[in-house]
Amino acid sequence: MIKIIKLMILTLCLGITGCKPNHIAQLETQLQNAQVNRDLNAQYKVLSELVNYDSDEWKIHLANIQGSIEQLNNTNQLLAAGQIIEAQQAAHQAKLSNNSIQIDETLKKLQTYAQVLHLIEAVQSYNAYMRVSPLKTFLSTNASHWKILALNELYKSLITHDDTISQVLSQLPKNTRQDPIIKELITASQNQVDQLQVTLDLLLTKQLADFSTASVSQLNELYTTTAYNLNLFSPVVVIPMMKPMIRHTKHTLAYWDESLNNSRITLSRLNSPLASRVIEVRDAYIQLISQESEYANYHGASKKSMEIIKSLAKSKERAPVTHLVPIHISANILSFSQQLQMYRYLSR
């Protein structure tokens, strides 16, 4: 009878006055610590014990924690499968659901794909440039009407975008291509890198071909006249004889000389493989309008120079068509980019 009375008093104390057994109070303290430490696993462990004491509040809390654990597991499975975009989106939702240290660890792993963010930034910069690029105007206009400084800037912009995107693509982790959405962006970016190189080749080919068309007749006349005179007179006589014709040729072709020289300097400074083509053509031009070494070996050198300049017009006919267009960036890629930036602080 006494035991029954003690049990009734204990039950009344627990139910009415809120008294709690020591072990329940300890579990609740552990739960509070786990919450402060944002430890999802510790919270689950404690709640799994607390629900045995028939509290609806703990059951609801446990169900929420179980949901967060499922979100975390799903996120990690997506990441392991190489589905980076979906993993980032799932991690973001899991973070909003429960700000745990476990989801932070997953978000840190996703930061290893920050190089994709560099690709997105490079593509966005390229797309912004394509909206204002004067390329179409250049390609539809004779090179004799091109503004030289604008041409230098065009070469610089195209080469810079080509180099930037190429470098970022080369630095991407290999497994980024497992994600179909990122793979699509990578493929589109590589395609435009190829087209940038085609476009640069096309632009230079047009410039040199238009130079050839404008100068070949006059340079050939200078060459044949000089060669003819050298067959009749000694170089000492021919040198002053040809100076007026050389001055006239230089004056007439002054724009082209400046154009070629500026392109040579620009392409060389940018370490473009195209620089060697401009150098070869300009050297041929300089050879024809100068009196190097008092016309020593003039016949052989000038014949070769004329062949180089004449061939330029033919190369224009074989020039490929450019398909330079902006690179599509999907909404999923943009969201991925924003979330990567949002959680950058985790990797510091």
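The structure displayed is predicted, hence computed values, not measured ones.
- Rounding to the nearest 0.5 Å gives a distance of 9.0 Å between OG1 of T160 and CD of E153.
- Atoms CD and CG, from E105 and L107 in turn, are 9.5 Å apart once rounded to the nearest 0.5 Å.
- Using a distance-only test at 3.5 Å, with no hydrogens or angles considered, no donor-acceptor pair links the side chain of S268 to the main chain of I265.
- Distance CD1/I120 to CG/L334: 7.0 Å, rounded to 0.5 Å.
- Between the S293 side chain and the Y295 main chain, no donor and acceptor come within less than 3.5 Å of each other.
- In the displayed structure, H23 atom NE2 is contacted under 6.0 Å by more than 12 heavy atoms of other residues, nucleotides or ligands.
- Residues M342 and H92 are in side-chain contact: their nearest non-hydrogen atoms beyond the backbone lie under 4.5 Å apart.
- Other residues, nucleotides and ligands contribute only 12 or fewer heavy atoms inside 6.0 Å of the CD atom of E57.
- Surrounding CD of E292 are more than 12 heavy atoms belonging to other residues, nucleotides or ligands, all under 6.0 Å away.
- Once rounded to the nearest 0.5 Å, the distance linking CE of M245 with CD of E221 reads 4.0 Å.
- Panel note: side chain W256, backbone S215; no donor-acceptor pair is recorded below 3.5 Å.
- Here the side chain of N98 pairs no donor or acceptor atom with the backbone of S68 at under 3.5 angstrom.
- Linking Ile, Leu, Val, Met, Phe, Trp and Tyr residues whenever their side-chain heavy atoms come within less than 4.5 Å leaves I279 and L260 in two separate clusters.
- Here the CG-CG distance, from L154 to L200, works out to 8.0 Å after rounding to the nearest 0.5 Å.
- With no hydrogens or angles considered, no side-chain donor-acceptor pair links Q192 and D162 at under 3.5 Å.
- Both Y223 and V237 belong to a common hydrophobic cluster when Ile, Leu, Val, Met, Phe, Trp and Tyr are linked at side-chain heavy-atom distances under 4.5 angstrom.
- Under the 3.5 Å distance criterion, with hydrogens and angles disregarded, a donor-acceptor pair is assigned to the side chains of Y155 and Q207.
- The closest side-chain donor-acceptor pair between T205 and R277 falls under 3.5 angstrom.
- Looking only at atom types and distance, the side chain of Q291 has a donor-acceptor partner in the side chain of K243 under 3.5 Å away.
- Here the CG atom belonging to L340 is positioned 9.5 Å from the NE2 atom belonging to H118, to the nearest 0.5 angstrom.
- Under the 3.5 Å distance criterion, the side-chain polar atoms of Q111 are left unmatched by any main-chain donor or acceptor of S347.
- Residues F336 and L117 fail the side-chain proximity criterion, which asks for heavy atoms closer than 4.5 Å.
- A heavy-atom distance below 4.5 Å is not found between the side chains of Y228 and F233.
- Looking only at distances, no side-chain donor or acceptor of S337 sits under 3.5 Å from a matching main-chain atom of I333.
- With hydrogens and angles disregarded, no donor-acceptor distance shorter than 3.5 Å links the side chain of N142 to the backbone of H145.
- Using a 30° and 60° split on the angle between ring planes, Y53 and W58 fall in the perpendicular class, above 60°.
- The 12-atom threshold is not exceeded at CG of L149, counting heavy atoms of other residues, nucleotides or ligands nearer than 6.0 Å.
- Within a 6.0 Å sphere centred on CZ of R344, other residues, nucleotides and ligands contribute more than 12 heavy atoms.
- Using a 3.5 Å distance cut-off with no hydrogens or angles, the side chains of K95 and N99 do pair a donor with an acceptor.
- In this view, Q89 and N332 satisfy the side-chain hydrogen bond (donor to acceptor under 3.5 Å, both in side chains) rule, not counting sequence neighbours.
- Between Y343 and Y345, the ring-plane angle classifies as tilted under the 30° and 60° cut-offs.
- The closest side-chain heavy-atom distance from E70 to N74 is not below 4.5 Å.
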Worked verdict on Q339 versus S335 for side-chain contact (heavy atoms from CB on, under 4.5 Å):
CA-CA 6 Å; Q339 289 172 13; S335 176; 3.3 Å; yes
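- For F138, the CZ atom is densely surrounded, since the number of other residues' heavy atoms within 6.0 Å is greater than 12.
- Two residues are said to be in side-chain contact when any heavy atoms from C-beta on lie closer than 4.5 Å; I289 and L219 meet this criterion.
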When you look at M242 and L222, which way does the side-chain contact (heavy atoms from CB on, under 4.5 Å) test go after all the steps?
CA-CA 9 Å; M242 293 304 301; L222 177 62; 3.6 Å; yes
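- Y113 and D179 share no side-chain donor-acceptor pair at under 3.5 Å.
- Between the side chain of N231 and the backbone N or O of A227, at least one donor-acceptor pair lies under 3.5 Å.
- A distance-only check finds a donor-acceptor pair linking the side chain of S140 to the backbone of T137 [under 3.5 Å].
- N191 contributes no side-chain N or O that, together with a main-chain N or O of T187, makes up a donor-acceptor pair within less than 3.5 Å.
- Side-chain atoms of Q171 and Q167, non-hydrogen and from C-beta on, do get closer than 4.5 Å to each other.
- Residues forming a side-chain hydrogen bond (donor to acceptor under 3.5 Å, both in side chains) with D194 (at least two apart in sequence, or on another chain): Q190.
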